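From a predicted model like this one, the values you see are computed outputs, not experimental measurements.
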Amino acid sequence: MPAKKNRDKGDKSANTADPIPATSEPEGPPPPESRPPVQVLYCGVCTFPVEYCEFGSSLTRCKEWLQEHDLERFNKYYSEEALHAKIGTLSLEAQSKLEQDTAKKEAKAEAKADAALKKKMASQVTIKRIERNKRKHVTSVHGLEAFGIDLKKAAKQFASKFATGASVTKNPQGQEEIVVQGDVSDEILEMIEGEVGILKGIPADNVEIVEEKTKKN
């Protein structure tokens, strides 16, 4: 009997396993360091990021703008050292051709801009008071788009201003115009002259009011 008791004790000790030591999780790579956002400066002339102005057609004016607004970046891109580093490897012939091509591109862009300005200044905005019957009128406005005015936004502005209907439609000539319910021609002229809301950049001399009455049978 004592021998059996000893065997039981031996079996119990044999079945008892040592605890498995806990292993630590392997550490991964450290998280990347946060970087501040890149500050992009857009040119006030060509609207490109300033480092891409050279690919536009108004480099001379872009450089003047940048020199006035950010001298540090101007020196970074257009100082003698920067230009030498950029074209120093070009031959004299290649440098001369590059300058000529840039000058031609700028002259062409300037001519195009001048033509667009002349066309714009020759454009006419017509405010027409239209009689539907003796008591009802509508007002049409034609020519705003020539001055870069979004017709849908202008119609929305008129509708809000006069608390009435206003929509963009096509006239008998197939041209888009804004039709406002009611006789508000004088008020619209005042808004244009006062450059209210989006109605900016329209010379007063380029605006006229006309009247269209219903023909009597």
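- Between the side chain of Thr139 and the backbone N or O of Gly182, at least one donor-acceptor pair lies under 3.5 Å.
- Looking at Phe147 and Pro203, their side chains come closer than 4.5 Å, going by heavy atoms from C-beta outward.
- At least one side-chain heavy atom of Val138 sits under 4.5 Å from a side-chain heavy atom of Val179.
- Annotation for Lys200: atom NZ counts as buried by contact number, over 12 foreign heavy atoms lying within 6.0 Å.
- Within the 4.5 Å cutoff, side-chain heavy atoms of Gln124 are placed close to those of Glu208.
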Could you go through residues 190-198 and list every donor-acceptor pair under 3.5 Å that involves a side-chain atom there, pairing it with any protein atom two or more places apart or in another chain?
{"from": "Glu195", "atom 1": "OE2", "to": "Gly201", "atom 2": "N", "distance (Å)": "3.2"}

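- Under 4.0 Å is where a charged nitrogen must lie from a carboxylate oxygen, and between Glu211 and Arg129 at least one such pair does.
- Lys152 pairs by the side-chain contact (heavy atoms from CB on, under 4.5 Å) definition with Asp150, Val168, not counting sequence neighbours.
- For the pair Ile202 and Ile149, the minimum side-chain heavy-atom distance is below 4.5 Å.
- Under the 4.5 Å side-chain criterion, counting only non-hydrogen atoms from C-beta, His142 is not in contact with Val125.
- Counting only heavy atoms from C-beta outward, the side chains of Thr60 and Glu64 approach each other to under 4.5 Å.
- Under 3.5 Å, the side chains of Thr169 and Asn171 contain no donor-acceptor pair of N or O atoms.
- The list of ring pair (Phe, Tyr, Trp, His ring centres under 6.0 Å) pairs with a residue in residues 40-66, not counting sequence neighbours, reads Trp65-His69.
- Taking 4.5 Å as the limit, some side-chain heavy atom of Phe162 sits within range of a side-chain heavy atom of Ile188.
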